[in-house]
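Chain letters run A, B, ... following the sequence lines, proteins first, then strands; residues in each count from 1. The basis for the numbers below is simple: all heavy atoms, side chains too, and nothing from hydrogens, waters or symmetry mates.
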Protein chains: 2
Amino acid sequence: MTDATLRDVARASGCSVATVSRVLAGTRPVGAETAARVRAAAAQLGYRPNHAARALRSRATGTVGLVLPQITNPFYPTLVRALTHALHADGRAVLLADCDDDPEAEAEHIADLLARRVDALLVIPAHERRSREAVAAAAARVPLVLMDRGCGTGVADSVAVDNATGMALVLDHLAAVGRRRVCFIGAAGTASAAAERRLAYESGAAALDPGAPDRVLLGDFSAEWGRAAVDELWESGPRDGEPGPEGEPGRCAPSGGGLPDALVCANDLIAIGALQRLQQRGVDVPGQVAVTGFDDIPMATLSAPGITTVRQPVSELAAEAARLLRRPPQDGTRPHRTIRLAPDLVVRESSAARRQSGHSARNEQDMTAQQDVTAQQDMTAQQDLTAKVEEAQ
Amino acid sequence: MTDATLRDVARASGCSVATVSRVLAGTRPVGAETAARVRAAAAQLGYRPNHAARALRSRATGTVGLVLPQITNPFYPTLVRALTHALHADGRAVLLADCDDDPEAEAEHIADLLARRVDALLVIPAHERRSREAVAAAAARVPLVLMDRGCGTGVADSVAVDNATGMALVLDHLAAVGRRRVCFIGAAGTASAAAERRLAYESGAAALDPGAPDRVLLGDFSAEWGRAAVDELWESGPRDGEPGPEGEPGRCAPSGGGLPDALVCANDLIAIGALQRLQQRGVDVPGQVAVTGFDDIPMATLSAPGITTVRQPVSELAAEAARLLRRPPQDGTRPHRTIRLAPDLVVRESSAARRQSGHSARNEQDMTAQQDVTAQQDMTAQQDLTAKVEEAQ
DNA sequence: AGAGTTTCGGAAAACGTTATCAGCAGCCGC
DNA sequence: GCGGCTGCTGATAACGTTTTCCGAAACTCT
């Protein structure tokens, strides 16, 4: 009943364990006839190699660890799916660890995975600063690729979306549909996604409309904050220049008179919260205000109106990560590779042109997911689609 | 540089490998002083046991496989999170496999996990019928627990929500807020969730209002179907008794005159789609029609109005699954255990009382997630909360 | 005090692979 | 025809644990 081993196959095929191992693993050429006999015997016995023994002997488990802050973060399931598929295609299994946003739990999980002798690690760090130590220690022992978020600088290879390009796509699009008074609802802190999107917005907005005051509110990456930000804007907005009623994390309330006609949100959750509160306040979206998000989580399709957003190239990100892990084992202190992939803009109803011209009917009739249209934005962005910035660092 | 082994610790502490193994694994009592010496040496060398070797020798990897249809199904991330936490608490690691809803891929993944010598399997089957064979084969080799969905009958232990109780909670609640013309938007097919919720609705609705014709539309578990079902209802409804315009999977269009004042959806995705289409048609929710869902996926909180739904007891489900896996290895053909846990009702705005009386202000003001109220419904349901139906089968 | 019993520690045999080493054909080239 | 290849194969030693099996003390009990 207990499964067949190499010895059994060897006995059945009348040759030695060594030969059987060789033909099955294909490590060295072996006589055609013997090989056939061995293969037949193996098939007949239903032989399945014992990964534990193989791992012990060859010091490679064919397993990679995937460590992430919270699988319930709505952007991660799609990413996890893409990653597992990419890795399984390479014949590797995936050990999953969810850290509950706690850097200490993260460190423990990383240590446990190392003890389990994973061949490599894929980490979405829970904290920009506090994850650094554990990640660096792990990176010294196995190939390690950071995904989605950063973790200090020069720690390991990393793969992420090009936030700057994404934000530029959004701003170009808003300009194209005639929005002039744009406001950014972002996230505070030094986490890479927060900081990069914030910076990209600032430089992009300045470039588009050099005279305009920058309108930037900072909170966190939650729908709750999206709602709060809208409240802050709509309660302080009319009375020009007055600071928001609450001493919230916002850096500065919009000044320069009047309310914004577009809200650029740092991710989709914020956008959903903002959209919801706008509707509760009777503000027409996109009639009066356009709303955009970032990431293209599934919910972005499901809200009404659907949310215009930046779609992360998840499959490509996963493929790059898998590719990096295939590379030769960290030879000493080689400079780390940082790969940034350009995203797509997905235009939905939340940013339709203000004065509805010809095709406005779609708004009422058939706004299903199928009608999403991936923008063929300006050429530079399209060209960048497959470009990777590979900078030594 | 390569990590310390038992031999190293033995050498450093001046005793034999066997003793070191014993004190570290705690398999047999060992002299206090020696133990201390060993522990010191181990700590000093930073010894970490090699799981591969341990697995080889003791024929147990401390690893369980988690096989699911699609991690992107919005209900699964929370479940996966709970499962990984429960299993990690038991010191087990989790190998994740996503099948893309394909039973063949599922069979492959199961085979691969078995070859990797997982101690046990947690499977959410991709298909009620077509997953059966692979699951049964696997269950013969390792402890296996089915989750969320069924897979034929008598195949393995299983843990799932009590769909009947959940549906009853919904119907009681709707009756309590004065809804009379209830309609069910469900999913066709034999999958357990679809069938059980459908049946529970039918018996519950009949019990509540014996004279009423049953109003049941069947499609699949998608927002798209929720939208389509509303169209079907609102286009055929006014003209009484006429079958829906499309020969869709619906079993029967609502008859008996007039439109429903409550839509009971078989899951949250359907509810979200239905809600969205109702709003596009200018139907007031919950003013004219109440909408309810099932599962309590994150999106149910985020829509406006928030969707009243049945919250699956994910932590408890995960705990039960982990407990079942701890049990003695399948001793022969012991009857399988089927565990059903009763869910909670989460009342949100989508099912508020029709004539808004005193507390209707909440609808405009502050409908945040914090205001969700877990219904203290009728006593029977509450009592059932922790009850497990453990039926031999 | 001697026989039984417990307690602690070591030597060594697994576990199922892969990798190393060597043997044994046959073949080439001088 | 003989040293040196080349191609295939078999023994056998790892890999790092856990787990028997045993011996040597140290106690316990008549």
Side-chain angles (χ1 to χ4, degrees), chain A residues 1-39 41-42 45-63 91 93 112 114-119 141, chain B residues 1-39 41-42 45-63 91 93 112 114-119 141:
Chain A
M1 197 60 239
T2 158
D3 357 52
T5 109
L6 272 192
R7 287 194 46 177
D8 303 328
V9 180
R11 198 151 29 208
S13 64
C15 57
S16 76
V17 246
T19 332
V20 178
S21 171
R22 288 197 266 260
V23 35
L24 261 30
T27 46
R28 266 183 28 185
V30 61
E33 189 213 355
T34 346
R37 261 205 339 272
V38 166
R39 255 183 277 273
L45 290 175
Y47 169 77
R48 307 225 114 219
N50 183 324
H51 274 70
R54 183 179 299 208
L56 174 59
R57 180 63 234 230
S58 54
R59 345 184 61 65
T61 52
T63 297
D112 179 62
L114 287 178
R116 291 196 129 87
R117 296 305 196 273
V118 291
D119 293 342
R141 301 173 36 106
Chain B
M1 196 59 239
T2 159
D3 2 48
T5 106
L6 274 193
R7 288 194 44 176
D8 302 327
V9 180
R11 199 152 27 210
S13 63
C15 56
S16 78
V17 240
T19 347
V20 177
S21 170
R22 289 197 265 259
V23 35
L24 260 32
T27 48
R28 254 181 41 182
V30 59
E33 188 212 357
T34 353
R37 261 206 338 272
V38 166
R39 255 184 276 274
L45 288 176
Y47 169 78
R48 306 227 115 219
N50 183 325
H51 274 70
R54 179 178 300 197
L56 175 58
R57 177 64 235 234
S58 52
R59 344 184 61 67
T61 52
T63 297
D112 178 61
L114 287 178
R116 292 195 129 87
R117 296 302 196 276
V118 290
D119 292 342
R141 301 172 36 105

(request) Using heavy atoms to find the nearest nucleotide of DNA chain D for Arg28(B) and Ala53(B) separately, return the residue whose nucleotide is more 5′. (result) Ala53(B)
(request) By nearest nucleotide on DNA chain C, pick out whichever of Leu56(B) and Pro29(B) is the more 5' one. (result) Pro29(B)
(message) Distance under 4.0 Å to a non-hydrogen atom of chain A counts as contact; along DNA chain D, which nucleotides mark the start and end?
(response) dC8(D) to dG16(D)
(request) Please report the shortest heavy-atom distance between Thr63(A) and Arg116(B), naming the atom on each side. (result) OG1-NE, 4.0 Å
(request) Just report the end-to-end axis angle for the helix from dA1(C)-dT30(D) to dC30(C)-dG1(D), five pairs per end, to 10 degrees. (result) 40°
(message) So, does Arg59(B) get its side chain near the phosphate of dA14(C), meaning an N or O under 4.0 Å from OP1 or OP2?
(response) no
(message) With salt bridge (charged side-chain N to carboxylate O under 4.0 Å, His left out) as the criterion, how do Asp3(B) and Arg117(A) come out once you've worked through the C-alpha distance, each side chain's angles and the decisive distance to 0.1 Å?
(response) CA-CA 11 Å; Asp3(B) 2 48; Arg117(A) 296 305 196 273; 3.7 Å; yes
(request) Answer yes or no: is there a donor N or O on one side and an acceptor on the other, between the side chain of Ser58(A) and the main chain of Arg54(A), under 3.5 Å? (result) yes
(message) Under the side-chain contact (heavy atoms from CB on, under 4.5 Å) test against Val30(B), which residue among Leu24(B), Thr19(B), Val38(B) passes?
(response) Thr19(B)
(request) Using atom CG of Leu24(A) as one end and atom C1' of dG16(C) as the other, report the distance to the nearest whole Å. (result) 13 Å
(request) Using whole Å, report how far CD of Glu33(B) lies from C1' of dG9(C). (result) 13 Å
(message) I need the CZ-C1' distance between Arg57(A) and dT17(C), as an integer number of Å.
(response) 8 Å
(message) Please report the distance, rounded to the nearest Å, between CG in Asn50(A) and C1' in dG16(C).
(response) 6 Å
(message) How many whole angstroms separate atom CZ of Arg22(B) from atom C1' of dC8(C)?
(response) 8 Å
(message) Between Arg59(B) and Asp119(B), does any side-chain N to carboxylate O distance fall below 4.0 Å?
(response) no
(request) Could you identify which residues of residues 6-16 of chain A place a heavy atom less than 4.0 Å from some atom of DNA chain C, listed by residue number, or say none? (result) Leu6(A)
(request) Select base, sugar-phosphate, or nothing to describe what Ser21(B) touches, counting heavy atoms under 4.0 Å on all strands. (result) base
(request) Search all heavy atoms of Arg48(B) against all heavy atoms of Ala115(A) and return the closest pair with its distance. (result) NH1-CB, 3.8 Å
